[in-house]
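Report on the following structure.
Atom set for the values below is all heavy atoms of this structure, side chains included, hydrogens, waters and symmetry mates excluded. Counting starts at 1 for both ligands and their atoms, following the listed order.
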Amino acid sequence: TPNLIPAPPLLRVPLQPDFQDELFQGKWYVVGLAGNAFNKEENSQFKMYATTYELNEDNSYSVTSTLLRNQRCDRWIRTFLPSFQPGQFNLGNIERYPGIQSYTVRVVATDYNQVATVFFKKVYKNREFFKITLYGRTKELTQELKENFISFAKSLGLTDDHIIFPIPIDQCID
Ligand code: DKA
């Protein structure tokens with residue numbers, strides 16, 4: 001087991017002010033991905049996936065990711081439960097995920113109609129993993145937005161090695 005870059009305390013991770021859960025709904029393409037368990041060399045062919053957020057009656061989200069794997073479209077569905085402040089969530093039904101002791105989600109920043117950055121932290125088998133996603137409403141984002149994402153990743157202790165920009169595809173995610 002390799003050493004991991006320590007996850008930042010949540011207090012150091014910004015939160016989108018006045019988060020609007022209704023506006024955040026819908027499909028987001030994962031245009032950028034960075035985390036303490038990601039490696040650019042091993043993931044150079046990593047294909048783009050998409051994650052859709054749908055609000056439920058109880059203000060939780062049903063979160064569905066669609067990925068191309070072995071020529072098939074895999075769908076992953078989970079529930080995000082609202083936490084103590086808008087824009088922060090916990091994984092629902094955590095007992096269904098063996099080894100996962102906690103899972104926290106925080107929307108760092110979004111304009112709802114173009115781009116979002118989201119922070120995810122999980123404790124799995126007593127090890128703390130974190131990742132951030134650069135979400136786009138479209139598969140391409142400007143160089144400036146990508147560079148902002150890189151700066152944010154680095155501010156959390158990650159290096160270029162931990163940051164990937166998945167390859168846009170058409171299968172499964174359109
Ligand atoms: C994304 O990558 C969304 C990630 C959601 C992660 C939830 C995983 C919970 C099961 C361990 O766009």
Is Val63 close enough to touch ligand 1? Criterion: a residue heavy atom under 4.0 Å from a ligand atom. no
Can you pull out the closest protein heavy atom to atom 6 (C) of ligand 1? Residue, atom name and distance to 0.1 Å, please. Tyr103 OH, 2.9 Å
In this structure, does ligand 1 have an atom that sits under 4.0 Å from one of the heavy atoms of Trp28? no
Check whether the ring centres of Phe89 and Tyr61 lie less than 6.0 Å apart, and answer yes or no. yes
Mark yes when over 12 heavy atoms from residues, nucleotides or ligands other than Asn93 sit less than 6.0 Å from its CG; otherwise mark no. yes
Can you find a non-hydrogen atom of Lys131 under 4.0 Å from ligand 1? yes
What are the atoms of ligand 1, with element, lying closer than 4.0 Å to any heavy atom of Tyr97? 10 (C)
Exercise: identify the closest heavy-atom pair between Arg127 and Leu4: NH2-CG, 3.7 Å
Looking only at heavy atoms of Tyr135, does any of them come nearer than 4.0 Å to an atom of ligand 1? yes
Part of Tyr29 with heavy atoms under 4.0 Å of ligand 1, whether side chain, backbone, both or neither: neither
Any donor and acceptor pair, going by atom type alone, linking the side chain of Asp111 with main-chain N or O of Gln114 inside 3.5 Å? yes
Quick test: of every protein heavy atom, which one is nearest to atom 11 (C) of ligand 1, and how far off is it to 0.1 Å? Ile100 CD1, 3.1 Å
Aromatic ring pairing Phe24/Tyr53, orientation class (parallel under 30°, perpendicular over 60°, tilted between): perpendicular
Which heavy-atom pair separates Leu81 from Ser60 by the least distance, and what is that distance? CD2-CB, 3.9 Å
min-distance protein heavy atom vs atom 2 (O) of ligand 1 -> Tyr49 OH, 2.7 Å
Under a 4.0 angstrom heavy-atom cut-off, which atoms of ligand 1 come close to Thr51? 1 (C), 12 (O)
Under the side-chain contact (heavy atoms from CB on, under 4.5 Å) test against Thr117, which residue among Leu145, Thr110, Val108 passes? Val108
